[in-house]
Structure formats: structure tokens, C-alpha cells
Amino acid sequence: MMQTKKWVSLLMMLTIVGVLFAGCSGGANEAQPQQGNADNKTEGNEGSAPVTEGVIKATDLTQNPPGATNRKDNIVVGMTSPKGVFNPLFWQTTYDLYVVRTVFDSFLQVKADGTYENSLADKVDVSPDGLKYTFHLKPGVKYSDGTPVTVKDYAFVLKVLHDPNYDGETDVLSFKIKGGKEYHDGKANDISGIKVIDDNTVEVTVTEATAYTKDFLGEQYFMPEAYYGKGFKKGNLDSIKALNNKPIGSGQYVLKSFSPGQQVVFDANPNYFKGAPKVKSVIFKTTTEETNLSMLQTGETDMDNITVTEDNVEELKALGFLDVNIMPTNGYGYIAFNHKEKKFKDPKVRQALTIGLNRKEIVQGVYGPYANVINIPQSTESWSYTDEGINKYEFDTAKAKALLDEAGWKVGADGIREKDGEKLTINFSATADNPVVEALLPIMSNNYKELGIKLTSETLDFNAIMDKKDTGKFDMFFAAWGLTPDPDTTTFISNGAQNDIGYSNKKVDELTLAGKHELDQEKRKLIYKQLYQELNKDLPTIFMYQRRDMWPVNGRVSGLEITPYKDFEFTLHNAQIAQ
């Protein structure tokens, strides 16, 4: 997990709420979310241009349905069902991450603008050379079971992340905590760079300074060693994983129950160190693309991430009792290639599959003015974004055919291209009930048939596609990455913790490491420009779009902060329900 790119659960970024993973790494960074003041970036309902960014305020709360108004002491959030991995070390989907952030705390927490502020940390001292980080824990914090929070629990988490059999998404080794690799490799019994000074002070020493080290270290969640460490032995994490759906943290709410495919129920933590939540309980209720809007209409849910289309925006506005939040998604949709498959190893083939796909038609067909075709793996919100020297890969069937010819894939007697006796066939793993996939498949089928490619598809639910990704048993699939504020990521580096597609490019490896270790942001911009230019040329995936997120929230609920960088769950403890 480096905390940079998160698997925006295949659906999160795509349409539904959206790696995959926050623990994941990689990101988009530090740009103020535009709540602007132009006609199409404004609060309110006036103007003929569509509101593509901003807040469309509720106009008539008297229209609120009894399903909502009869609920006085709980908030219901609609979302795709979590997998049930409610563990800061192992969560995979955005929906599991929502639960993790609701139950657990960390030294630092992201702010609305993508920078970080203290949460559990009283203060953080950083040595002038950027190699030593001293975190001071706020005194008196307790876990939901009443036991005290100490930095020993933090040290325990870092030790588990260095375990030789750790198989989660957090790439702690790349941050080079002193002695960490030796512990991981079995050459040491402890990690020399982690020193517990007292119950509220821990010192972490690294061997290389990076621009993201402080934030990465500060984002790791506290997990009580007395609970998660029972039965734990180096090299065997089964006892920790056994508690995946029984989390204990120091966060805003306490997990009360989890019914797979139905809901997750939380009770307020009365001892929360930032103050007891004002709303007694929160429910994460499972919704689908077919049900999420109607459940908002009836008041069965108070908020959800609704696919942003012109029709959906107008329908939500017309209800009158919803505040409709529209903002740039800090992430992007893409189509993955399995680089372990011989047919995808040639960049000319990947370029042909990109140029030969009418991405603009797909994106506009789903999102209209609420998404844009992209050509690099970065959000326009990020300080690292660039369009300089970037190939736009406009749709061009003739050029795509020429590239496939150059790559040695010749059209056979049956109209299907072949090379070395192998037919150019692609099996596409499609997410069920996904409007992006529903728009993509027929266009992709027609476009690729014209190129001489045989395309087949299989329809699976989101979690099944996650499993295929994990096992590498796929040709291509559609997904989305949610980005964290810093652009550092392991998604495209060789053998990276988040590199699930087998991609490898030496120049990408070098530039990624250079960007990570450069401390001057202006110099980092130049490095990331080179990196994005290389990724744009080599196309490890088909970059599809950056869209807008849309979070309609019942007007009777206030206090939640939602931006491209900060999801709703960070401020659940501030939420209030108007009576």
C-alpha cells in the first residue's frame, strides 16, 4: 500500500464509487479542489451551462421523504458491498477502506487540499537531513475496547509490514527504514530504525530521504498489538488475517455488524479523542447502479456516489432535498493489459489497441460533459500533471492497422490477425452492471473486429475481477485507480507492490525512483513530466478518462467534508442531522 494509489475498487472510479487499494500508493497531488465561480463551476442552480464542478444546493427540504426524516439518529451511506477485509494491513477495495478509515486512526490525516495535518500526532519532528522522524502521540487516546493507545502499537504495525510473508499492498520496504530489509530478509531479529522512546514517542530513522516519507509514515494506522498480536509469529500472518472482519481501532465509530452484500453497521465511539460523534450510528448499505438513485429518492439512503451523467444530475436536482456535490475525480479509468501475455509485450500492439478504440465516443456516451479522455495516469488536479509532449492517441483505425502490421500481426484468411501461428484473440473481463463497461463493450467489439481482432468477453462481479487480477488470469479488464495526494506510486515499476499487470520498463523505474527521492517540488515536476511522457509513449494500459465524482447528500445532513482528496468518512464524527 504505499499510500498513494488506491484501487478505487474497480467501480469507484469507474462509475459507481469510483485497486485498488490505499494502502496502495501513488497519487495525484495537492491542488485545491475547484468549487469555483464560473457559470459551470458554481454553487447554485442558475445559468444555462451544466454545473460540472461545485455544489448544487438543495432547494426544498420539505420534499424530504419520510424514509429519511423518520431516521433521527443514524446516517445511511449507499455503496458497493465491501469484501469484508477491514484490516489496515490487507484491505483491497475502496469500500473496505471506507470501513478502515471509520474504525482506525493514524498520526496524520489528509486535508481537503491534499496536504496533511496532525490527527493522532501531537507533533512531528523531522531532522534537517530528512532521515529521522519523531512522532509524538496525543496523550490519553484509547481503543474502543478501553485499552490505551501507545506507539508500541504503531511499531507493531511497521514490523508486520516488514514481515517476509506480508502480502498486502503497502510497499514499506521502498521507504527504507533502517534495518527494515535486514529484518525482512531474516538477518536481524528487530528493526533498528524503529525506536520506542516512551508510550507516546516513537522515532523512525530511514536511510534515504524522500518527499513522501513523513506522510507515508504518518498514514499508517494504529492497531492494538494486544489484540492483533495474539498468536502472531514472524513469517505467519494468519492470526492477524483471521481478524479481518473483527476490527478494533481508536476511530470515530465501532463496527457493530457486517452482513455481506447487505450492510455494515457502526456505533459511535463515545471516547473518540476528537469528541464523540454527534450521530449515534452510521450504516454503509449495499447499493447497485440499478438501485442507488431510487434509494436516495425514497430516503432509504442519505448519500451515495452516483454516476455523473446529465440525466442523473437533472434527476437529483429535481428532487429538491439533496445537496449535489460534483468534483473532479482524483483518479482515472483504464483498461489493463496482462503483460505476461506475449501478445501485449510489443508497445506497437498496445498503441494500436489504444488508437483503434474510440475512447471519446465511450467516455462521452457515459459521462457527457462530466469526463475527459486522458493519456497519462494522473489527475488534472495534481501539481505533477502535464500535457506537454503527450500523444493524444486520437481514434484512427487505419493507423492502428498499420501498427499491427508493423508488429507482425497479419490478417489471415478468416479475417483474424495472426503471428507465429497464434490468432490475435482477446478475452475481456467485464464488470457486471457497470454503465462504462456496457458502453465500452459494443464499441470495443466493433472497433477491434475492424482491426482483425477476435474479442470475447466474460461478465463477472467486481470482487471476482479482483480475484482474477490477483491471480493474473486475465487478458484485459476495465478498472480505475484512485490517486492519493502524492504522485509517487508502485503501479508501473517492475515488481512494484501495486503492479498487478506485470509491466516493466527500466526508464520508468529510474524516473519513478528519481521523483520519489527529489525533495524540491519544482524539480519533481520536471521528473514526473518525463515519467508521464514515457508512460504515454509505452502505454502500460489504455488510459481512458478522468471523470467527475458526484456525491448527492441529503440536505438534512451537514458537517461532512468531501473533496477530490478527502473522502466523506474522514469527517463522519462532525456530521449532524437537522431535526
Side-chain angles (χ1 to χ4, degrees), residues 5 7-8 10 13-15 18-20 329 331-341 343-367 371-379 387 390-397 399-401 403-404 407 409 424-431 434 436-451 453 455-457 465 468-469 474-481 483 489 491-492 498-503 505 508 532-547:
K5 237 169 200 159
W7 239 131
V8 131
L10 276 185
M13 303 280 359
L14 11 169
T15 75
V19 32
L20 114 208
T329 298
Y332 61 93
Y334 69 98
I335 297 173
F337 298 119
N338 187 344
H339 287 258
K340 294 180 182 179
E341 296 284 340
K343 58 194 169 193
F344 297 126
K345 290 185 180 294
D346 190 334
K348 289 184 179 179
V349 172
R350 302 195 295 271
Q351 291 169 1
L353 292 172
T354 302
I355 294 172
L357 180 65
N358 195 334
R359 295 178 297 158
K360 185 175 181 179
E361 182 182 5
I362 296 166
V363 173
Q364 290 190 345
V366 178
Y367 296 116
N372 304 98
V373 173
I374 62 165
N375 294 287
I376 65 172
Q378 186 51 270
S379 162
D387 59 5
I390 299 300
N391 189 330
K392 305 302 183 186
Y393 291 108
E394 301 286 356
F395 177 56
D396 189 331
T397 300
K399 188 172 183 179
K401 288 180 177 180
L403 284 167
L404 290 171
W409 290 94
L424 188 49
T425 62
I426 295 173
N427 182 50
F428 185 84
S429 299
T431 313
N434 186 320
V436 175
V437 173
E438 290 169 2
L440 185 156
L441 270 178
I443 295 173
M444 176 184 276
S445 297
N446 290 333
N447 289 168
Y448 285 0
K449 182 179 180 180
E450 178 68 18
L451 297 181
I453 299 169
L455 182 76
T456 62
S457 63
I465 289 186
K468 290 181 76 71
K469 171 193 65 64
F474 67 92
D475 278 352
M476 295 171 66
F477 64 78
F478 171 70
W481 275 110
L483 304 174
T489 176
T491 306
F492 298 115
Q498 294 174 279
N499 186 344
D500 299 297
I501 59 176
Y503 177 70
N505 178 319
V508 168
Y532 296 142
Q533 288 171 345
E534 178 63 22
L535 290 169
N536 170 257
K537 180 178 70 176
D538 205 35
L539 290 179
T541 64
I542 298 178
F543 302 118
M544 288 294 293
Y545 62 81
Q546 179 185 4
R547 68 180 178 95

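Residues Leu357 and Ile362 meet the side-chain proximity criterion, which asks for heavy atoms closer than 4.5 Å. Counting heavy atoms from C-beta outward, Phe492 and Pro377 have side chains that approach closer than 4.5 Å. Inter-residue side-chain proximity for Glu438 and Val366 is flagged as unmet; no heavy-atom pair is nearer than 4.5 Å. Side-chain contact between Arg359 and Tyr393 is present, with heavy atoms from C-beta onward closer than 4.5 Å. When side chains are defined from C-beta on, Gln378 counts as touching Leu483, because their heavy atoms get closer than 4.5 Å. By the 4.5 Å heavy-atom criterion applied to side chains, Phe344 and Ile426 are counted as neighbours. Lys401 has its side chain within reach of Leu451: a pair of non-hydrogen atoms, C-beta onward, lies under 4.5 Å apart. Side-chain contact between Leu535 and Ile376 is absent, with no heavy atoms from C-beta onward closer than 4.5 Å.
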Run the side chain to side chain contact (heavy atoms under 4.5 Å, CB included) check on Thr489 and Trp481 step by step: do they pass?
CA-CA 11 Å; Thr489 176; Trp481 275 110; over 6 Å; no

The test is side chain to side chain contact (heavy atoms under 4.5 Å, CB included); show your working for Ile390 and Gln533 and say whether it passes.
CA-CA 6 Å; Ile390 299 300; Gln533 288 171 345; 4.0 Å; yes

Apply side chain to side chain contact (heavy atoms under 4.5 Å, CB included) to Phe428 and Leu440, showing your working.
CA-CA 11 Å; Phe428 185 84; Leu440 185 156; 4.0 Å; yes

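The structure places CG of Leu353 at 5.5 Å from CD1 of Ile542, a figure rounded to the nearest 0.5 Å. Distance check: Ser429 OG to Ile335 CD1 gives 12.0 Å after rounding to the nearest 0.5 Å. Rounding to the nearest 0.5 angstrom, the gap separating the CD1 atom in Ile355 from the CG atom in Asn447 is 12.5 Å. If you take CD on Glu394 and CG on Asn358, they are separated by 9.5 Å, rounding to the nearest 0.5 Å. In this structure, CG on Asn338 lies 12.0 Å from NZ on Lys469, to the nearest 0.5 angstrom. Residue Thr541 holds its OG1 atom at 9.5 Å from CZ of Arg350, rounded to the nearest 0.5 Å.
Nearest heavy atom pair, residue Leu455 against residue Ser445, reads CD2-OG, 3.6 Å. The heavy-atom pair separating Ala407 from Lys348 by the smallest distance is CB-CB, 4.2 Å. Closest approach of Asp475 to Thr425, counting heavy atoms only: OD2-O, 4.1 Å. Looking at every heavy atom in both residues, Met444 comes nearest to Met476 through CE-CE, 4.4 Å. Nearest approach of Pro540 to Phe337, heavy atoms of both residues: O-CD1, 3.3 Å. Heavy atoms only, all atoms of each residue included: Ala430 and Leu441 are closest at CB-CD1, 3.9 Å.
Without hydrogens or angle criteria, Thr491 side chain to Gln498 main chain gives no donor-acceptor distance under 3.5 Å. The main-chain N or O of Ile501 is never found under 3.5 Å from a side-chain atom of Lys340 such that the two would form a donor-acceptor pair. Checked by atom type and distance alone, the side chain of Gln351 never pairs as donor or acceptor with a backbone atom of Asp346 at under 3.5 Å. Not a single donor-acceptor pair under 3.5 Å links the side chain of Asn536 to the backbone N or O of Tyr532.
Using cut-offs of 30° and 60° on the angle between ring planes, the pair Phe478 and Tyr545 is tilted. Below 30°, between 30° and 60°, or above 60°: for Tyr334 and Tyr332 the angle between ring planes is between 30° and 60°, a tilted geometry.
Shown here is Lys392, whose NZ atom has more than 12 heavy atoms of other residues, nucleotides or ligands within 6.0 Å. Heavy atoms from other residues, nucleotides or ligands lying under 6.0 Å from NZ of Lys468 number more than 12.
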